[in-house]
Amino acid sequence: MTEPATGQTRRTIELQFGDNTMLPLLYGPHDAHLARIEHQLGVAIRSRGNTVTISGDETATAVAETALRRLWTRIGEGQPVAGADIDAAVRFASQPEPAQGTGDLPGIKTRRRMIQPRTPAQADYIAALASHEMVVGLGPAGTGKTYLAVAHAVSLLAADRVDRIILSRPAVEAGERLGFLPGDMRDKVDPYLRPLYDALYDMLPGDQVTRLLETGIIEVAPLAFMRGRTLSNACVILDEAQNSTAVQMKMFLTRIGENSHTVITGDLSQIDLPAGAQSGLREAVGILETIPEVALVHFTDADVVRHRLVTRIVRAYQALDRARSGRTDAG
């Protein structure tokens, strides 16, 4: 557990929770949930019956209190609490108002679950998806850009607001060559589209996903196959858009038809195009940010919601990139 810095004001507070039957869900097995908050914030948390005592730096103690109250509200609504939910509660509690509010966060309802944001940027992203016909999500891997976009598409289809979902990615090799992979063209491109399939199966029952794919209501296709089409009455997601060329991106953006909802996601720090080729996403961002009807949402390493090691790895790579950039500038 991290100790508060010398000179910081210490504080001890007590919280009481009313329903003893719900306490095991809040505390976790052997108080594991409380220990997780302790580790993240450098506070000491002790439980006795329905009373929780928090001691530590004044700011960290206030964050822990808000996080526990958020989790208690979540449990009261019948929602589960796991490690990722605890991390999300701490992230939101660490933010200034209004991000700390517990009852006004946007969510996405799918057949399998209600998906709620786990970071303030995710909350902004979900709100943008609900209010804009075109949204661009930019940031590192693991921030939920694709997952939330697919959830939004599924919710639109369930509400009969669109007739179909089209999921697309550029089939660009990251150190590999399509020609050396076995099988026909579909077999060759499916590995690039697998994250989109995975998200679908997390939102819908497997047999329903299969049926929707077979009937074409959900279509998963490489970006190159979009040429010449008009995409109307659809939710269209272009994932890994940093690997589109400028020509491909212009082609995609001009495919949009009536009653279309478009989401573009990408990470400009992971471009796999050949050296010297311009990323279509990088060019498009400069164009789209001048259009008020388009929402651009930026994620950072603080929004990574995978394993905590992923956040550290992303930050380490960013530090390496900055160091390399400094050496290049100096040279």
Side-chain angles (χ1 to χ4, degrees), residues 17 19 22 25-28 32-34 36-37 40-41 63-132 135 137-159 161 165 195-196 198-205 235 237 261 263 265 295 297-308 310-311:
F17 300 97
D19 189 342
M22 293 165 52
L25 301 176
L26 179 66
Y27 296 169
H33 294 170
L34 303 182
R36 192 179 184 104
I37 297 175
Q40 292 191 37
L41 296 175
V63 171
E65 176 185 5
T66 302
L68 283 170
R69 293 191 185 280
R70 176 183 292 277
L71 292 169
W72 186 251
T73 299
R74 179 181 178 86
I75 292 168
E77 294 171 348
Q79 300 184 56
V81 169
D85 304 306
I86 297 167
D87 297 344
V90 171
R91 287 191 198 98
F92 276 104
S94 301
Q95 300 298 315
E97 295 289 352
Q100 287 185 7
T102 58
D104 56 353
L105 293 177
I108 302 174
K109 185 176 183 180
T110 69
R111 283 284 302 277
R112 284 190 178 274
R113 68 192 68 185
M114 169 65 78
I115 298 171
Q116 293 184 319
R118 291 181 172 175
T119 71
Q122 284 194 353
D124 292 341
Y125 188 53
I126 292 174
L129 291 170
S131 59
H132 290 73
V135 178
L138 302 168
T143 52
K145 304 183 302 295
T146 302
Y147 188 84
L148 293 174
V150 174
H152 176 65
V154 169
S155 70
L156 291 178
L157 184 66
R161 294 178 57 189
I165 297 172
L196 299 174
D198 291 343
L200 282 174
Y201 281 105
D202 209 26
M203 309 294 169
L204 295 168
C235 184
I237 300 173
H261 298 257
V263 188
T265 71
V297 180
H298 294 267
F299 295 85
T300 70
D301 54 65
D303 299 303
V304 173
V305 293
R306 291 180 184 166
H307 193 285
R308 280 174 288 178
V310 177
T311 301

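The residues of the chain are indexed from 1 along the displayed sequence.
Residues M203 and V150 share a closest heavy-atom pair of CG-CG1, 4.3 Å. Annotation for A153 and C235: closest pair CB-SG, 3.5 Å, computed over non-hydrogen atoms. Closest heavy-atom contact between A199 and Y147: CB-CD1, 4.4 Å. Of all heavy-atom pairs spanning D85 and R118, the tightest one is OD1-NH2, 3.7 Å. Closest approach of V297 and A121 over heavy atoms only: CG1-O, 3.9 Å. When all heavy atoms of V90 and L41 are compared, the closest pair comes out as CG1-CD2, 3.9 Å.
When the side-chain contact (heavy atoms from CB on, under 4.5 Å) test is applied to A149, the partners found at least two apart in sequence or on another chain are Y125, I237, V263. Every residue was checked against the salt bridge (Lys or Arg N to Asp or Glu O under 4.0 Å) condition with D124, not counting sequence neighbours, and none meets it.
In this structure, T73 OG1 and L68 CG are separated by 11.0 Å, a value rounded to the nearest 0.5 Å. The structure places CG of L26 at 6.0 Å from CG of L34, a figure rounded to the nearest 0.5 Å. I165 contributes atom CD1, which lies 11.0 Å from atom CG of L196 (distance to the nearest 0.5 angstrom). Atom-to-atom distance recorded for F299:CZ and Q122:CD is 6.0 Å, nearest 0.5 angstrom. Annotation: the span from T110 atom OG1 to L157 atom CG amounts to 12.0 Å, rounded to 0.5 Å. Atom CG of D19 and atom CG of L25 lie 9.5 Å apart (nearest 0.5 Å).
The closest side-chain heavy-atom distance from I37 to L71 is below 4.5 Å.
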Exercise for review: Would you sort out whether Q116 and I126 count as a side chain to side chain contact (heavy atoms under 4.5 Å, CB included), showing the intermediate values?
Suggested key: CA-CA 9 Å; Q116 293 184 319; I126 292 174; over 6 Å; no
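Counting only distance, with no hydrogens or angles, the side chain of H152 and the backbone of I108 share no donor-acceptor pair below 3.5 Å.
Between D303 and R91 there is no salt bridge, since no side-chain N of the basic residue sits under 4.0 Å from a carboxylate O of the acidic one.
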